[in-house]
Structure formats: C-alpha cells, structure tokens
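Before any comments, here is the structure.
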There are 2 protein chains.
Amino acid sequence: MVTIKDIARAAQVSITTVSRALNGYSDVNEETRKKIVAVADRLGYSPNIAARSLISKKSKTIGLLLSNVTRDSSKDNIAFEVLCGMNDRAGELDYDLVLFSTTPQKQKTKSYKKLCNERGVDGVIIMGIRLDDPYLEEIVSSEIPCVLIDIPLKGPNVGYVTSDNVKGACTAMVHLLENGHRHIGMINGHTQADVSRHRLRGYIDALASYGIPYNESYVMDGSFSEAAAKEAMYRMHSLYPELTAVFCASDLMALGAIQAVKGLGRSVPEHISIVGFDNIDIAAYHTPAITTVNQHKYETGYQAAQLLVDLLEGRNVNRYIVLNTELVKRDSVRTIL
Amino acid sequence: MVTIKDIARAAQVSITTVSRALNGYSDVNEETRKKIVAVADRLGYSPNIAARSLISKKSKTIGLLLSNVTRDSSKDNIAFEVLCGMNDRAGELDYDLVLFSTTPQKQKTKSYKKLCNERGVDGVIIMGIRLDDPYLEEIVSSEIPCVLIDIPLKGPNVGYVTSDNVKGACTAMVHLLENGHRHIGMINGHTQADVSRHRLRGYIDALASYGIPYNESYVMDGSFSEAAAKEAMYRMHSLYPELTAVFCASDLMALGAIQAVKGLGRSVPEHISIVGFDNIDIAAYHTPAITTVNQHKYETGYQAAQLLVDLLEGRNVNRYIVLNTELVKRDSVRTIL
DNA sequence: CTGTTAGCGCGTTCAG
DNA sequence: CTGAACGCGCTAACAG
C-alpha cells in the first residue's frame, strides 16, 4: 500500500505538502503540486478512507437498513428497485453504500445506532422495518441523520420519503366503484406498516365518497404475503359471497388472492375483480394482467439518497417528500351493471 | 462518541487493558474484565472500525462490484437474488457488504483495485462485469481476494462460482429435440459474457448428439435485452421460416422473442416453441408460462460469500464452485410430429 | 496480570 | 508557500 509518506519521500517534500497538494488547497506552489500529483499517479496512490475518516469524522458512506434482502423476497423486488435508485444517486454524489446485515429474527444483539457508529457511516436510510422494531426509535432520535422510507417518525435529523398511499388507494377504489362495484373487500398488509394504515384510509375514504358504509369485517389481513392473502381470499369468499371486488394492498397479495379465486373454480375478473398495489413487474405479465397502483420505486430510492446527502451536507431542504402514484388499468377489473 | 479512553478513565485502568478485556484476551483478570465490560455497556461503547482496521488491515467488509444495479434492471432481478444470498451469508459470517457505485458508462476514473484499497475492503465479489472491462484484469491479478461470478479468470487469490451453463443449455436443447424439433434457432447474449459462450456450447453439443449440423446463422445476438431479442426474433422468423423452436440464453430475451412472435400474429407454443434460461419470477407467471433452465441465484450469492470468507480467513477450500441447473418444463414448448 | 510506548495513514494547527 | 508536531481511536510489542 502506498501512502502519502511514500509520495513525500519520492517527491522530496514533506507529508503535509503532499496532503495539501492532493486535497486541492490553494496555498501550494503550482510546480510542487504538479510534481506531487505526477508522483502519486506513478505510484498508484489512493487515499486510505479509514485514516481519513478517523480525523474528519466523515466517511462518504451511507448505511442501509433494509428488510427484504433475504431469501424469498425476490418476487417482491420493490426493495431492489429502490436500491437501484439509491445506488445510482449515491454514486453520482460520490457516496458508497453499505448494507447492514440486519439479521432477521436472529439475536439482534446490536442496535442500529451501534451499527452505524461502528461503521462510521455518515447517515442511514431505513426501509421495510416494522414500526414496532425495538431499535427503530433509538436511531431515529439519535444524532445520526436518517432518511425513512414509508416510516412516519420524527427525529432531530430525519427526512422522510413516501408515496401518496391514501390517494393511490382511493383512486384504485374509485376505479372499482366507477365500474359498478358496491361490495368491495380489502386484503391489507400487517398493521405494523404505515402504508397499510394509509391504504386502508384510502379504502374507507373512497367508500365514503360514494356513500357506502365501512364494514370492518370486509377487511382482512394478508400480511403482505402471497400465501396469507390466498387464505384470506378463501375466507373472504365463503364468508361474504356478496363481494364482487377486492382491493389488495400489494400486488403480491393480489397474486395470492387470484390463486384463491382460481382454486375456487372461479376466475378474475369474470367473478371477482382484483386491484393490487405497487405495480411489480409480474403484474404486467400475469394473466390476467393486474390492474394496480403504480409506485415510483426507483425514484423513491433516488430521492432518499438525495435527501440524505442534503441533510448530511447541511442544505436546508424540504425533509418530507411524497411521490405520486397512479392507477394502471389492466385486465383484472370488469364492469358490472 | 465514546472511546476506550473514556472507558479507561471511568474504570480506572489503562487504555490497553480495556482493549484487551474487550477483545477477549486471556491475560486479564476476570474481575477487571467484568468491571470494564460493565462500564462499556453503561457508556454504550461500540468500537470504531475505522481505527481498528487502520492497524489490523482488516475491516470485516466485503466489496461488491455488480453491474445491473441501476435503472431498468428490475425485471432481471437475478442480481437481486444473488445479492440476497450474499447478504444473508455475509451477515451470518459477521461481514458487512459495501456496494461500489460502479458508475455505468460515466467516466470510470477509478480502477476497481483503487476502489477496494481506498475502502479497505477485505475482499471483493464481482458479478455482471463484461470480460472486456478495462479494470477487471487489474484487480483479478492483484493481491486482493476476489470471488468471480460467471467470470473465468485466473489470479493469485481468486475464487469462482458459476452454474453448469453448458449442461443447462444442453438439457434445454435436448428437451426441444425430444419433442421433435429439428430446426432450432438460438438467441444468445453478448459475447463479452462467459455464460453466452457456454450456453452456445450446450446448444451445439446437443445438436451434435442428434447428428444435426450446426448452422451458425441460426444463432443471433440478443444482448441479454428484451428489445434486442425481440428484433432478433423478427429477423430470425423472416429469414429462416423453417425454425420451429428457439432457445434463448435468458428469460428476458425469451420474453422479447415471444413478443415478436405475437407481433407476427403467431403464438407460442403453437407456431414457435421457446425455451429460456434463468427462471426469473416472471417466467412462471407469464402466459404461456415459460419453459426454462433454473439457475440457483440465491445459492450463487450464498456460496460466493462463503467462498470469499474462506479465502479471507485462509481456509484451504475448493476455489471452483459449479452449481447445478435444471430444466423447468412449462407451457412454451409443444411437441411436433 | 497490567501499564507505557509506539505507530497505523491522514489532516490540521502553528511556526517559519 | 512549506514543514514539524500532534492526535483521531485503536492494537501490539515490551517491560514491569
């Protein structure tokens, strides 16, 4: 490994001068700078970030706390698209990303805050963590700059990126209502996700705007999983045969629901109309193609990275970003009289 | 930030003693150790990895050099599944992952080797990089331990994880041949990927085993992209109407090929049979469901992480891992007489 | 068993 | 414009 000391020796100057020359300080002779840069290049020097961050307290590194980066989370590649957006923007801004191995159930012996401190990340982006996570509160209220995706917590140094889930859900519901559906069920995600609450609100609001009373038992838990949603759909169909449509709070759950409908010998959308949420890739290729609410996943990650860096570099920006969603009409909804 | 110095002061011992106590050295009194650990806990101490790695030259960090972690790579979530596998295993082994923002075309001013040196990663996993990448050779022949996924290069400290692409392609072809197809085209990925070469070999081998001469013009370039494959299929169909089946070197390209067939007013598998490769999630949900060669993506990542850590920790293991593939029969192939 | 000393690679006063 | 000296947080000899 070649250090500035090596360069200093080779260029016949002091270590300090090398440091200043390489960091673009103005108070160094243009001649010496050129010589130093040349030597550095020749020797293939690259600065040691560990040493640098030891002093500067900055590492140009963003920590990532994600769930859904484990086995069986591939279909739901939302996390991946968001990650792509973060990766792109972070790269442009010259930051690297470190993925914390947020071990699932395994004894999480270390708090998120400790994780960040140890690694010396400048800030952290958090996504997919449940609201009841034991370490969430701690890091959010710490001094570490955080950007939360779909998690509504306040803190001294936090930013927030989300989608307009209420409106999105509402639009999806209005679409069903406009198509004549009056008995509409909902399969929601678990309650420890903020989006579940918002999407439920959209469901309720849309119903209200059509003067339809909200029937709590029409809403079942699908826990954001295909299997759980499938089961919920089975129960829903036998308990409430009057339902002609079901709004699912994720496409993965829509997939499960459709399987249940098929399992019952019925079909979508002939017997039951289904609307999903997220617009995952499978939704478009599925038969029937699933009508869903598109979420800008890549953009979410991109904005989150941007916002975090803004926070890090002390820019005074809006810390609350809400992205649009839009209805994507496809073939899983039919019009009834 | 609380350091060992703080602990030393609070516990009335020297800094060294704190260091030894916390790092589990045997030569420290059980009494003092307990006291120190207690103080450390109370103060919420966590070690500064930057400082530690400055001395130990180890950072418990694995670098990741991936392509396909940018916009428009979501359908092809192979990278994501592999990433999940790496993340899981790395987590279990107590390593963190850092994603290098391997800026796409943008002026890659920094070589991969420099990237690794600066960040002080212990080793690096490389995937999706083209064989003609300018910096690939450099890092592979450096002292930095590397694990290459689907890249066949030798180096002093490299491991290699791949799938049996020849066999996989061969199995796919034999399936077509067994179903009576005799005029079979191939849409291959770009030549700067090792898997393309292997899959082509499988194609040729299978043909040979049935005594069918290899016709070079039956193989077209789809560059691993949906759009390029679509175009290739159009050309293929008009130039060689005798083809009854096409083997695509990726599912994404199979998707493109199918679109072209549809665009021609024909259908799969009635007019043309298609077999893909990879077994991406969409393949199962697509109509017709795509017959393909399954690749163990998660396992690939898992094994790559394991292998790299083995290399890092000096274990003498097999550095060459080849994972099985298997044919997944679905609905995109028909039997002809 | 414990403390003292030195130094990892770098940036930053403060004198020249 | 340049250099000597110091210290970031930590580990590793080397004494005692």
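Remember, it's a predicted structure, so these values are computed and weren't measured experimentally.
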In the structure I gave you, are the side-chain heavy atoms of Leu93(B) and Gln306(B) within less than 4.5 Å of one another anywhere?
yes

Grab the CZ-C1' distance between Arg9(B) and dG3(C) for me, whole Å please.
17 Å

Got Leu66(B) and Asn87(A) here, is their nearest side-chain heavy-atom distance under 4.5 Å?
no

Do any side-chain nitrogens or oxygens of Lys5(A) fall under 4.0 Å of OP1 or OP2 in dG7(C)?
no

Please report, to 0.1 Å, the donor-acceptor pairs under 3.5 Å made by any side chain of residues 140-148 of chain A, with sequence neighbours excluded.
residue, atom, partner, partner atom, Å
Ser141(A), OG, Glu137(A), O, 2.8
Ser141(A), OG, Glu138(A), O, 3.3
Ser142(A), OG, Ile139(A), O, 2.7
Ser142(A), OG, Ile144(A), N, 3.1

d(CD, Glu118(A); C1', dG9(D)) in whole Å:
13 Å

For dG9(D), does either OP1 or OP2 sit under 4.0 Å from a side-chain N or O belonging to Thr3(B)?
no

Distance in angstrom units between Ile15(B) CD1 and dG3(C) C1', rounded:
10 Å

So, using side chain to side chain donor-acceptor pair (under 3.5 Å) as the criterion, who are the partners of Ser14(A) when residues are at least two apart?
Thr17(A)

Are any of the side-chain heavy atoms of Leu131(B) and Ile151(B) separated by less than 4.5 Å?
yes

My understanding is that only residues two or more places apart in sequence, or in another chain, count here; which of them pass side chain to side chain donor-acceptor pair (under 3.5 Å) with Thr162(B)?
Asp150(B)

Determine whether Cys84(A) and Tyr302(A) make a side-chain contact, defined as any pair of heavy atoms from C-beta on separated by less than 4.5 Å.
no

Listed partners of Glu118(A) passing side chain to side chain donor-acceptor pair (under 3.5 Å), at least two apart
none

Mind checking whether Val121(B) and Phe100(B) have side chains closer than 4.5 Å, heavy atoms only?
yes

Stretch residues 16-24 of chain A: residues that reach within less than 4.0 Å of DNA chain D through a heavy atom
Thr16(A), Thr17(A), Arg20(A)

Starting at CD of Glu30(A) and ending at C1' of dT2(D), how long is that distance when rounded to a whole Å?
15 Å

All ring-ring contact (aromatic ring centres under 6.0 Å, His included) counterparts of Tyr45(B), not counting sequence neighbours
none

Does anything in residues 40-69 of chain B pair up under salt bridge (charged side-chain N to carboxylate O under 4.0 Å, His left out), and if so which pairs, sequence neighbours excluded?
none

Positions of residues 38-52 of chain A (non-hydrogen atom under 4.0 Å from DNA chain D), listed by number:
none

Once you round it to whole Å, what is the distance between P of dC10(C) and CG of Asn117(B)?
11 Å

Five pairs at each end of the helix from dC1(C)-dG16(D) to dG16(C)-dC1(D): take the axis at both ends and give me the angle between them to 10°.
40°

When the distance from CD1 of Ile7(B) to C1' of dC10(D) is rounded to whole Å, what number comes out?
12 Å

Between P of dC10(C) and OH of Tyr25(A), the distance in whole Å:
15 Å

Any residue of residues 54-62 of chain B with a heavy atom less than 4.0 Å from an atom of DNA chain C
Leu54(B), Ile55(B), Lys57(B)

Residues in ring-ring contact (aromatic ring centres under 6.0 Å, His included) contact with Tyr95(B), at least two apart in sequence or another chain:
none

Less than 4.5 Å apart, any side-chain heavy atom of Ile149(B) and any of Ile125(B)?
yes

Rounded to the nearest Å, what distance is computed from the CD1 atom of residue Ile4(B) to the P atom of nucleotide dC10(D)?
5 Å

Residues that Arg130(A) engages under side chain to side chain donor-acceptor pair (under 3.5 Å), provided they are two or more places apart:
Asp132(A)

What does Thr32(A) touch in the nucleic acid at a heavy-atom separation under 4.0 angstrom: a base, only the sugar-phosphate, or nothing?
sugar-phosphate

